[in-house]
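For reference, the structure discussed in these notes is given below.
Atoms considered below: every heavy atom in the structure, side chains included; atoms not considered: hydrogens, waters and symmetry mates. Since this is a predicted model, take the numbers as computed values, not measurements. First the proteins, then the strands, lettered A, B, ... as listed; each starts at 1.
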Amino acid sequence: MTTRPIDRNDLAALYAECAAALDDGEYERWPAFFTEDCSYVVTTKENLERGWPIALLSCESRGMLLDRVFAVQKTLFYVPRVQRRLVGGARLVGAGDDGAHARASFAVFETLVGEHTTLFAAGRSLDVVRYEGDALKFAKRTCVLDSSLVPNSLPFPI
Amino acid sequence: MTTRPIDRNDLAALYAECAAALDDGEYERWPAFFTEDCSYVVTTKENLERGWPIALLSCESRGMLLDRVFAVQKTLFYVPRVQRRLVGGARLVGAGDDGAHARASFAVFETLVGEHTTLFAAGRSLDVVRYEGDALKFAKRTCVLDSSLVPNSLPFPI
Amino acid sequence: MTTRPIDRNDLAALYAECAAALDDGEYERWPAFFTEDCSYVVTTKENLERGWPIALLSCESRGMLLDRVFAVQKTLFYVPRVQRRLVGGARLVGAGDDGAHARASFAVFETLVGEHTTLFAAGRSLDVVRYEGDALKFAKRTCVLDSSLVPNSLPFPI
Amino acid sequence: MTHKLNVPNLSAAAWPEEGLTRVPYFLYDDPAVYALEQERIFRGRSWNYVALAAEVPAAGDFARSYVGDTPVIVARDKDGDVQVFVNRCPHRGAQLCQSWSGNAKAFTCPYHQWTFDLKGRLRGVPLRKGVNGLGGMPADFDPARHGLQRLAVTVRGGVVFASFADDVPGFAEYLGPSNLAYFDRVFDGRGLRVLGKQRQRISANWKHVIENIRDPYHATLLHTFFVTFRLWRADQDYAMKLDATGGNAVQFIQKVDRGPTEATRETTSRHADVRLADPRVVEAVPEFADGKSGAMQTIWPNLIVQQTLNSLATRHAVPHGPGEFELHWTFFGYEDDPPEMVERRLRHANLYGPAGLVSADDSEVLNVVQLGATKGPAGRAVVELGGAGTADAEGMVNETMIRGFYKHYRQIMGI
Amino acid sequence: MTHKLNVPNLSAAAWPEEGLTRVPYFLYDDPAVYALEQERIFRGRSWNYVALAAEVPAAGDFARSYVGDTPVIVARDKDGDVQVFVNRCPHRGAQLCQSWSGNAKAFTCPYHQWTFDLKGRLRGVPLRKGVNGLGGMPADFDPARHGLQRLAVTVRGGVVFASFADDVPGFAEYLGPSNLAYFDRVFDGRGLRVLGKQRQRISANWKHVIENIRDPYHATLLHTFFVTFRLWRADQDYAMKLDATGGNAVQFIQKVDRGPTEATRETTSRHADVRLADPRVVEAVPEFADGKSGAMQTIWPNLIVQQTLNSLATRHAVPHGPGEFELHWTFFGYEDDPPEMVERRLRHANLYGPAGLVSADDSEVLNVVQLGATKGPAGRAVVELGGAGTADAEGMVNETMIRGFYKHYRQIMGI
Amino acid sequence: MTHKLNVPNLSAAAWPEEGLTRVPYFLYDDPAVYALEQERIFRGRSWNYVALAAEVPAAGDFARSYVGDTPVIVARDKDGDVQVFVNRCPHRGAQLCQSWSGNAKAFTCPYHQWTFDLKGRLRGVPLRKGVNGLGGMPADFDPARHGLQRLAVTVRGGVVFASFADDVPGFAEYLGPSNLAYFDRVFDGRGLRVLGKQRQRISANWKHVIENIRDPYHATLLHTFFVTFRLWRADQDYAMKLDATGGNAVQFIQKVDRGPTEATRETTSRHADVRLADPRVVEAVPEFADGKSGAMQTIWPNLIVQQTLNSLATRHAVPHGPGEFELHWTFFGYEDDPPEMVERRLRHANLYGPAGLVSADDSEVLNVVQLGATKGPAGRAVVELGGAGTADAEGMVNETMIRGFYKHYRQIMGI
Ligand code: FES
Ligand code: FES
Ligand code: FES
Ligand SMILES: [Fe+3]
Ligand SMILES: [Fe+3]
Ligand SMILES: [Fe+3]
C-alpha cells in the first residue's frame, strides 16, 4: 500500500462529504467513500467492551454497502425523517499495514416528519483511511455508539 | 466579481465568527458578515422541498439585517436565553457569478434562564461567499432547518 | 514567555486531544495538556455575568488537576457513564502576557449506562495557550456553561 | 383545591362565582379537562379547520392535518371532493399515512397493505381468502364496514372544515351572519395560492392563543415593533363582532393618520424617532374594497384567519397535551396576484410566525402566561375590560371576545 | 369513552362485545392498565425471561435485567446456582448495582455499604453496633429478615426465568408440550455462546411487539427485503401451535422452492430481478434435524425466541411506561460452533435488530401502530384472519396467535 | 398496592404499621402526594427559605426564587424591607418577572404592562379608562384588590424566609431554641457577601436530599474522598439536636486527631497512604468560637445550612415534580472576610456542589435511591439506626433525624 502521507484537509473533507451524502439523502454516493475491500461496522460501546462480536450493522465489502443502500432506498419501511451529522475532533493517531488510523467524534441529530429535531446518537469512529489514486477513502470504519440503546431504529448508516 | 480563490481558513473563520457574534449576544456585529446586497433567509426543509417561497425570516438587504438587529435589541419581547451554535462540515461546493458556493451543517442549542440546555435546531446552510477587500462575506445565506416545527419561537437569526 | 505564533493545527489538535482524553476515560492523560502553573475553571454564565467568583470546579495548579483525576478514578461515586465532547469554532482572539487567547464553543453529550444519549451541556471556553517546548498547552482554561443548572452532577472536567 | 389534584369537578360549580369575568387556571393544565375538550369540543359539534383546498388541488392529492389532536388525512377524491379521514387503519390501527403531503391513487397501510380508495373505502385486503384454503378473512367479512373513519366536510371559499358530528349546523349558520361576511371578505371565491407553512410548538395550552387573538388590548402594549414604527396605535378605529354563541369573532382595524392623543402617549415607544433601514417589510397597499387595513377572525374552536398589511394566513392551533400546542401557519395569496403583490406578502411574513417581528412576542408571552397561570396556587384570570358582557364592541381596551369565547366553552363543556 | 379519561373500567365489560376478534386501544396507553399489568402479569404467576445462563458463567458473575419494568440482578452464586434479586437495597432503597454486568464477590450498596452475598443474604452492616456505645442497630435487628428480595428461578437449556410468585407452575407445565418441544429444539442442552447485544427503545406499548411476532400475515407484506430476495413467500408451509392458555405460541417455516402462485403474485415485489451484490448476508446452511428453516416462539409474557437462517436470538420486550418498551436482543450460538458458523450468525444479524434489513421495518411499524391506535377517538383492532378462534393453525394468513395472547391476557388481567 | 395505581390513601393507615422506622416508597413518586405537599407543606404554615438578603441589598433589587415549586419574586422595597410575591400577574396570570435578578423601580408585566410597585401594589393599568370613551375597566375596579399575592416575610441574620400562611409562628419559636442557636452561630449579624451560585437538577424526590443531610451514617461510608484524606472519621465527636417537632435539626462535628480505632478500621479507605498533590483544597482555619469544625442544619421544610471547613452555603431544595428537584447552592462569606479567607472559601467550594469532590457522591446517590425505591414493587425504607425514637443523639450511626423529619411530615400531611 501507498505510504503517501495523509493531508489533513483530505481527511476533513472525507468526513464532511461522507456525512453530507447521508444527511442529504444521497445514499447512492456513500459507498464510493470506501475501498472495495472495506469493512464498515456500527456497534455499541457495550459490545466493544464486552468483546462481543455482534454489530448493529456489519458490512464486509463494498457490495454489502451497495446492498444496504438498495435496502434503504427500495425495500426498508421507515417513517420519513432527516438526519444531520456533526463530526468533530478528527485526528490521525497512527498507521498500520492497512492504512492511516484516524479517530473522530460524532453526534447525529434526527428529525421525524412533523416532529422536533432530537439527539439520535453520539459516539466515536475508529477509522482506517488510505488513498486510492487521488481520493482518500475509508478502508475500515467502525462507528461506536456511546449508548447501547438505539432510539427506535437505525435504518441508515452512521 | 473577484475570482480570488477562497481560503479555507477564511471560510472557517467566517462561520466561526458569525456564530460567535450571535451566541455571545453581540448582534450588532452580525450584519457586517454580509455584503450590502446580501440575501439572508431562514426556512425549513418542508418549504424548500415543496417549492414554497415563504421563509421564517427573509432579509433582502443589509438594511433588513440592521432592522432585525434593532428589533432583537430594542423591540422584541422574549424570555432571556442564550444560544450556542456548532458548525461542522464546512466545504466549498462550486462557484457561480455571485461568488463561491459553500455548505455547512449546524446545530443550535438553547438555554432559557433557569433551565437546562436543550437542542433548538439542526440543519444545513447553503451559502454564497465572496471577498470584499480582504474580508470574506456572505453574499447569500440560506439556513434550512431540518424540522418544520420551531420550538416556541425564533427571535434571533440562525 | 515565547512569542512563537500559534499554529492553528496545533490549537485544533489541543482541543481535540484534550476532549478525546476525557471522552475515552483516559483521565490520567488530561493534566498534561496544561502548564504547571495553570488555572482551570468550570463556571456558569450566571456566575460570570454576576461577577460572582464561585466556580463549579476551580483548579489553581496542575497539582489540583492531578487530585481531581485521583478523585474521579479512585474516590468519587457516580453512576457509570460516557461523555462525548464536540468542540467548534476554535479561534485565536488576541494575545496577552500569559499567552495567546483562544475561544471555542462546545457541546457535551452524556450516556448513562442503559440509557439514551442526552445533551449534558453547551457553552464556550475562554482559553490562554502557549508552547512548552513543542507542545501547545493550556495556561488558563475557563469553561463557561450556558445553563446555570447542572443535570444531576458533574464528576468530570469539561 | 381539588382541581390541583387533577380531579376537577366539571360541573358549573367549578367555575368562579363571578362568572365570565374570571377564568380558572386549572383549564390550562388539567389532563382530564384536556381529554374532555377532545371529546366534547373537537370531536363534538364543531367545524374544525383542516386545510386550504389549494393544498390538495388535484385528484389524489393529500395532506396530513389534525382535528383537535386527532391526526387526519385531507384528500381530494376523483370526483373532485375533499375527504377527511382519521389517519388510522381500521385493521389494527396503524397510522395509515406517514408523509406530510403527496399524491396517491389510494392509501395503503404499511403494516399489511390494506388499501383504501380516495373516499376511504376498503378496496384491498391482501390474501383475504387465505392461501391454499388456509386462513384469510371469514366469509361474512364485509369490506363496506371496515373503511376509514370519514368526517363530515364542508368547503367554503377554498377553506376545508371537518366534523366528527353528523348533526353540526351548516357552516353559514355556524358562523353567524357578521362573521360569515368577514370570512367571505378574504375567502371571496378567488383561487388561493399557498405560499408556504410555518409551524411552531409552543409550551402553552391551546386556549391561550385564542385568547391572545381575541385580546386587542395587548397589541399596542406588547408589540413594541408596531408602536415604534407607528403601525398600530391605541386610539385607532377598532371594532369587534361576535356571533350569538361567542365562539366566532372578528375584529377589524383601520389605519388612521392622526397626531398623538392621550391614548398614544400612554403607549408610546421609547424609540420615537427611529426609522426602518429598509422599510419594505411594512409597506402595504390597500387591497380590500372596504378600506379596512386588517381583520383578524377566530372561528370556533381553533382557527385564526389573519389579514394584516398584505399578509394573509390561516393559523391552526393544534392541541398537543394540556401544556403544549402547535401553531400551523399557512400563508397564502390569490391565484391572480401580480408578482409585486406576492413579493409584498412574502416580505410582510417577516412580521408573523415564530420569527415574526411582531408574532414572536406572542409566542413568547404565551409561554409566560402558561408558566404564570399554572405554577403556584390555584387562581383565575381577571377579564373585566369593557365590563362583564359578551356583546359586540368598539375600541381596543375590551375583553369582550375573551368572555365570549368562554361563554361558548362553558356551554359545550358543561362547566 | 371513560377510559380516555384514564379511568378504565377493568371489568370484563370493558372489552368489546365481539370478544377476541377485537382488541381495545386503551390497552396501549392507559397508565392504570400499565400499572395493573406490572402487578398481575409481571409480578404475578409468570416465568419471566431475564438472561441466558451463559451471561453469568462463573461464580460471582452478574448482569442486570428486568422483570416487567422492575430492575433485577441476575447472579451466579458459589454453588453454581443462578439467583435473581430485585435491584433494591433493603435498607433505604438505593439501586444496589449500577453496572450492567461484572463479577463480584458480594453486592455492596453504594449508600451505606450494606453487603449482600451472592444468595442475597445480608452479610454486613457497617458500624452495626454503633461507635463507642452510641447508635447502631437495635439489638433485635435480624439480618436474616433484611436480605435482598429473591425471585423464584428456573433454568432450562441455559435460559434463565424468574418469578415473583411462589406458586407458579413448573416451566414444562407452564409452556405446554408443543411449545416445550420447540423451546428444547433450540435450547437442546449444548452450551451457549453469547455473541452480543442489541438494544432499542421503541415508542410503542410492549404488547405491540408480541402481536407483531404472532402475526405471520405481515411478514410477506411489510418485509419487502424478504420478498424481493425471495427469502419468504406467502404460500410457504407455515404452522402455528399454541399452548392451552394461549400465552405461549410457536410458529415454524420451511423454505420452499416452487414457481410463482396466485399468492406470491399478490405480494410480489416491484424489484423482481434484483440480486444482492454480496449475498453472503442471507446464505444459510440447514442446522436443525427437523429441516425447518425457521421457528419463532413467544413465551408468556414477554420473551421471543428467534431461529431464522443461522441467526439465533432471544428478544426480551421490557415495558418502559405505557407508550414505550425496550427490546433487548441477545444473539447467541453454541459453544461447539465452527468458525464459519459463527461468521454466518454474525452476518445474518444484519437482518435483525434496530438496524436489521428486515427488523427495522418492524421497529418502525410498531411506532406507527402505537401512534395510530392511541391518537384520536376510542377504537379497537379487528383480528379476524382465520376466524375467531385460538386453535393451532396452518398458513400465514391467520391471527389465531394474537387472539390466543389476548385470551390469556384477559384471564390474567380480569378484563 | 393501590398507591402504585396513583390513588394513595392519605390517611394515617397508609403508613407502615411499624411507624417511623419505616418510610413507604410511594412518597417519592406519587403525583397526588406531591400536589398535597405543595398545599400542606410549602403553602401551609411553614417558613420557606427564599434568599439571602444580601442578594437584594438596595431598593429595587430583586431575585427570583421558589416557595415549594411556586415561583416567587424577592424584592427590596424603598423602605428597605424585603418583599416576597408570587411571580404571577393578577390580570391574566403571566409570569411577571423573567430575569433571574436585577434592579427595578417597579414590576411591569410583559403582556399588558400592568405595573406594580415594590410592595406589590397595582400602580398602573394602561388605558384603564378606555379610549375615546370606549372600553376600559369598570368604574368600580379597585386596584387595591388586584395587587400581587404577597407572602409573609421574616428576615433573620440576613436570611429571608417567606410563608403563604398568616398564622405561622415567629421564626424563633418555629426553629426552637437549640436550632436557633446554631442558626445564629452562622448568621451572627455580620453582613454577608454572596460568592456565587451553583444549581443542579437531580432526578430524585426532594425529600431524599433532606434525608441525606440528616443521615450522618453515610458520610464515612459513601464519601471516600473524606475518608481517604482523613477529613472525616466514623468515631469523631458528633451530636444531633432536633426541635420538638422534628422539622428542624442540626448536627455538628469536631475534627479529632486520634489513631485508628475499630470504627475507623471498618470504614478505612483502600488508599491509606495517598496525599493530595495540592492540599490547599482542604486546608481550613478555625473560624467559630465554639471550636466546632462543622455544622449542618436542616430547616423545615427544605433549607440546608452548611458550615464545613471554611465553606459556607445555603442549599435550597426546590421540588420539581415528584421525581426531580433542584438544589440551589448559595455560597457566601462575611463582608469583613480578609482576602485569604475569601480565597479559602472559594477553594473549599471544590468539595461541594454538583462537581464537588464530596457532594457529587450525594447527587449521584440520590439518583440511585430514587431509582431503587420507586421502580419495582411497593416497598419501604428501614430506618432503625439508633432505635425508633426522634430524640437528640450523639455519634454518627443514628437515623434519629430522619425519623424526626417524618414525624413532622406525618403531622403536617395527615398521613
Ligand atoms: S394495520 Fe393496517 S393493514 Fe394491518
Ligand atoms: S440504602 Fe443501601 S446501605 Fe443504605
Ligand atoms: S397578564 Fe399581566 S398585564 Fe395582562
Ligand atoms: Fe399579538
Ligand atoms: Fe416482522
Ligand atoms: Fe453526603
message = I need the B:M64 CE to D:R347 CZ distance, nearest 0.5 Å.
response = 5.5 Å
request  = Kindly compute the distance separating CD (B:E60) from CG (D:N350), expressed to the nearest 0.5 Å.
outcome  = 8.0 Å
request  = Select one option (side chain, backbone, both, neither) describing which atoms of D:W100 are under 4.5 Å from chain B's heavy atoms.
outcome  = side chain
task = Assess whether atom NZ of D:K207 is packed by more than 12 heavy atoms of other residues, nucleotides or ligands within 6.0 Å.
result = yes
message = Quick check for you: to the nearest 0.5 Å, what is the distance between D:Q198 atom CD and B:I54 atom CD1?
response = 6.0 Å
query = Of all the residues in residues 27-52 of chain B, which have a heavy atom that comes within less than 4.5 Å of a heavy atom in chain D?
reply = B:E46, B:N47, B:R50, B:W52
key: Contacts with chain B made by residues 361-369 of chain D (heavy-atom distance under 4.5 Å), listed by residue number   = D:D361, D:S363, D:E364, D:V365, D:N367, D:V368
ask   = More than 12 foreign heavy atoms under 6.0 Å from CZ of B:R91: is that the case here?
value = yes
ask   = Is it the backbone or the side chain of D:F229 that comes under 4.5 Å from a heavy atom of chain B, or both, or neither?
value = side chain
query = Which one of D:G196, D:A349, D:P279 has the most heavy-atom pairs closer than 4.5 Å to chain B?
reply = D:G196
request  = Below 4.5 Å from any heavy atom of chain B, which atoms of D:E324 appear? Answer side chain, backbone, both or neither.
outcome  = neither
message = If I measure from the heavy atoms of chain D, does B:P151 come under 4.5 Å with its side chain, its backbone, both, or neither?
response = backbone
inquiry  = Heavy-atom pairs under 4.5 Å with chain D: which of B:G63, B:P155, B:C59 has the most?
reply    = B:G63
note = Smallest heavy-atom separation, B:S153 atom then D:Q200 atom, equals CA-NE2, 4.4 Å
Main-chain N/O of B:D67 paired with D:D278 side-chain donor or acceptor, under 3.5 Å = no
message = Among B:L76, B:V72, B:L57, which residue has the highest count of heavy-atom pairs closer than 4.5 Å to chain D?
response = B:L76
task = Answer yes or no: does atom CG of B:D134 have more than 12 heavy-atom neighbours from other residues, nucleotides or ligands under 6.0 Å?
result = no
task = Go through D:V342, D:I202, D:V358 and name the one with the most non-hydrogen pairs under 4.5 angstrom from chain B.
result = D:I202
inquiry  = Would you say that D:H223 contacts B:T75 through its side chain, given a criterion of any heavy-atom pair below 4.5 Å between the two side chains?
reply    = no
message = More than 12 heavy atoms of other residues, nucleotides or ligands under 6.0 Å from CZ of D:R190: yes or no?
response = yes
task = Could you check if a side-chain atom of D:T224 sits within less than 4.5 angstrom of a side-chain atom of B:K74, using non-hydrogen atoms only?
result = no
inquiry  = Quick check on the interface: out of D:A277, D:A360, D:A204, who has the most heavy-atom pairs with chain B under 4.5 Å?
reply    = D:A277
